[in-house]
Amino acid sequence: MACALEPEPLAEDSGDERPKWDNKLQYLLSCIGFAVGLGNIWRFPYLCQTYGGGAFLIPYFIALVFEGIPLFHIELGIGQRLRRGSVKVWQIISPYLGGVGLGCFTMSFLVSLYYNSILMWVLWYFLNSFQHPLPWSTCPLDLNRTGFVEECQGSSAVSYFWYRQTLNITADINNSGAVQWRLLVCLATCWVIVYLCVIRGIESTGKVIYFTALFPYLVLTVFLIRGFTLPGATEGLIYLFTPKTQILRNPRVWLDAATQIFFSLSLAFGGHISFASYNPPRNNCKKDAVIIAVVNSMTSLYASIAIFSVLGFKATNDYGHCLDRNIHSLINTFDLPDQSVSRDDYLAVLEHLNATHPARVAQLHLRSCHLEDFLDKSASGTGLAFIVFTEAIIHMPGAPVWAVLFFGMLFSLGLSTMFGNIEGVITPLLDLGVLPRSVPKEVLTGVTCLICFLLALCFTMQTGNYWLEVFDNYAISLNLIVFAFFEVVGVVYVYGMKRFCDDVEWMTGRRPSLYWQVTWKLVSPLLLLSIFVAYIILLAQKSPSYRAWNPLYEHFPARQEKLYPGWVQVICMLLFFLPSLWVPAVALAQLLAQRRGQKQQLVRPQLQDGHAC
Amino acid sequence: MAKAALSGGWIFFPRLPCVFHSERMLWPLFFLVTAIRAELCQPDAENAFKVRLSIKTALGDKAYAWDTNEEYLFKAMVAFSMRKVPNRETTEISHVLLCNVTQRVSFWFVVTDPSKNHTIPAVEVQSAIRMNRNRINNAFFLNDQTLEFLKIPSTLEPPTEPAVPVWIIIFGVIFCIVIIAITLLILSGIRQRRRKNKGPAEGEDAEDKRATAVTVENGIPCDPLDMKDGCLNDAFMNEGERLTPL
């Protein structure tokens, strides 16, 4: 209905006050905390390393300028102007676009489920870090205490701790196994902590965000300083940042840069719209958007420097151990005096022995040690945090301290992102009036957290990790791009570019320049469309398979590639398509309601003369 | 000399004068015994074990040199371990044979029975060494990794686990703190709401009281209405009576 789009009365809430930020810093920190998450720590460094080091920064910053910042400005601007959560905002812009808001709400809900499950694992590691030696530094002994457990011996102590003692993972997604009580307890704690922080909405998160948003920076700085003092850090950094520009010819690089910016800023979740809606009406949202987006990217860069200095140390350490193992073999076989061959002499001695006793040397099956091979071993996601980095930490002096700091940092990063996710769930619920007004907010947040906790129990089963990958790969990637596309198109074309520019001018005092207008109208929608198409093509080419941890696999510890069974594929497809279906569904429902309303108006005699509401 | 016995079997002994005829008989016997004993201790011989020491790795600067005295100590430790086995209490240091000592510091050893013709089965030696591994290690300031008996697996020490796992303690602390904080927040929220509900009702009482209470202007309490002037403006006195609750 056109009369719903009156400008000024929107600033008034019908009767009760909308919550407000205590000060601008709280708002900025909340948005930064929401945007800066686990992906900045464990996805960006991996992408940087895989796609040619310093060269990756080029597509990354291009994507930031042409896609990230404009989309972000739109979200903040529209939220601040219409002063409503994501669902109501879209209903106001156009009832036909109400599905976008509901879709964003669904996305926030799904992400809350599995994001907190990741935090459950982080919390488990955090709780286990308060001991020396760390439990993942040694393998447990087997039954007759003459050696280590076979599964651990075949892989490594850290892998064993992650796959067996934490996840207790099964070899197939079909065998769900039992709920792991340790993880259940951690999950309950995570949800209780989240509830404690969001219990009163931004009143409570606003206090906690000072700690959770700033603590990670402190820890990253500490790790950076420590990392630089460790041997081998500079090798890691040089290897990371040496640009390999020929890799830019691969279109995959550009796609990954664009998606990384997009997911990194947590766009199209509705959380930023909700945060911006609590702002005073006249707030410079343009400056905020640029600041937050740039801080997010700088954090990614800062984190990757810290991570890679530690990983460089780990690679040097592993290289040293590789040499030591070979030297040990040589000394034992040729009965050379103990400690007579240093790491520097190794190659010369090997050459000499190879010349004099080639057969015996060949029998030893010495593994060739190259530092580059160890530096190349990259990992992203949970592999980086729980396997590679934990192994690096074991070798640092004072390991428990570093483990506590690292997992504490991951937890606060995840927690501040959870605030944004929960905000994207609760604000629409409040705006829609799901519970009557007399019911206090604490009850609504409590019920939401309880429902999320119960649904997330599926991630505490032995196949939880596999399900998490399903959610991560299928549920969020494409749907967010769809919603972001509709966001841009909705605001620019349906709400009206001129109208939005007027609003921004009213709020910030300056009209958006040509850069903003061009990116909003043309560049961002086109970019999103091309990402969407590219994603579909890539996913169609990839078979729906997962990599299982199977100790009986012949190439163990390599993971076994298995296809998803039929019922899992169905669930994948549902997760893939259902959220986006909100948009056409609501549009259709609205169309039918309009038609019915028109028919009724024709039937009923016109008593009111088109009285505007 | 032993090597000569191994290689050929022909032993050359010096011609001795006839007066030492009995000793002359002893020499071949001596060499024969040495030969047999030498044959008992060989690399990969039956019931022989290889030992490898990494003294420099273990002790660094304080490493001692491996000489015949250390070998003697080793033989003593092995003999000591064997003596603890039932039926082998008569094992002497001379029953333990060492051979093939290399610069690595590795060597082979066997334990012979009192007749010195046969070696004690490997199983017995293995169990004896395993029982006393700690004593043997300590005698040389080494550990299981730096004093290796190849083919004798060492019993690994399981890590000491506290009665209550550490993580449960930390979890308990965090959980209790969080639950208490939630309870406090909920209670304060309830109290706030009750105060807000009572607020409008209390407002009415306050308004009535104000009409009869001591008026205060600029922090200086004025006298009641009906007595003095000064604080009160006469023009507004009528208004004061008509204070209505909002």
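Computation of the quantities below employed the complete heavy-atom set of this structure, encompassing side-chain atoms and omitting hydrogens, waters and symmetry-equivalent molecules. Letters A, B, ... mirror the listed sequences (proteins, then strands); counts begin at 1.
For the atom pair CD1 (B:I168) and CZ (A:R182), the distance works out to 7.5 Å, reported to the nearest 0.5 Å. Expressed to the nearest 0.5 Å, how far CZ of B:F171 lies from CG of A:L127 amounts to 8.0 Å.
Between the side chains of A:R200 and B:S188, at least one donor-acceptor pair of N or O atoms lies under 3.5 Å.
Residues A:I199 and B:I186 meet the side-chain proximity criterion, which asks for heavy atoms closer than 4.5 Å. At a threshold of 4.5 Å between non-hydrogen side-chain atoms, the residues A:D338 and B:V105 do not count as touching. Contact of the B:R104 side chain with the A:L336 side chain is not registered, since no non-hydrogen atoms from C-beta on lie closer than 4.5 Å.
Atom CD of B:E46 is surrounded by 12 or fewer heavy atoms from other residues, nucleotides or ligands within 6.0 Å. The number of heavy-atom neighbours closer than 6.0 Å to NZ of A:K207, taken from other residues, nucleotides and ligands shown, is above 12. Environment of NE2 in A:H352: sparse, with no more than 12 heavy atoms of neighbouring residues, nucleotides or ligands closer than 6.0 Å. In the displayed structure, B:R193 atom CZ is contacted under 6.0 Å by more than 12 heavy atoms of other residues, nucleotides or ligands. Counting non-hydrogen atoms of other residues, nucleotides and ligands closer than 6.0 Å to OH of A:Y210 gives a total above 12. Residue-environment remark: CG (B:L187) exceeds the threshold of 12 foreign heavy atoms within 6.0 Å.
Only the side chain of A:F126 has a heavy atom closer than 4.5 Å to any heavy atom of chain B. Proximity to chain B is absent for every atom of A:D142, based on heavy atoms less than 4.5 angstrom apart. Only the side chain of A:L141 comes within less than 4.5 Å of a heavy atom in chain B; its backbone stays farther off.
Ring pair A:W181/B:W167 is tilted by interplanar angle, where 30° to 60° counts as tilted.
Near-neighbour residues of residues 48-64 of chain B relative to chain A, defined by a heavy atom under 4.5 Å from a heavy atom of that chain, comprise B:K50, B:R52, B:S54, B:I55, B:K56, B:T57.
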Take B:L185 and A:L196 through the test side chain to side chain contact (heavy atoms under 4.5 Å, CB included) and record every step on the way to the result. CA-CA 8 Å; B:L185 277 175; A:L196 170 67; 3.7 Å; yes
Can you list the steps and then say if B:V178 with A:T189 is a side chain to side chain contact (heavy atoms under 4.5 Å, CB included)? CA-CA 9 Å; B:V178 172; A:T189 316; 5.7 Å; no
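The two residues B:V166 and A:F130 have their closest heavy-atom pair at CG1-O, 3.5 Å.
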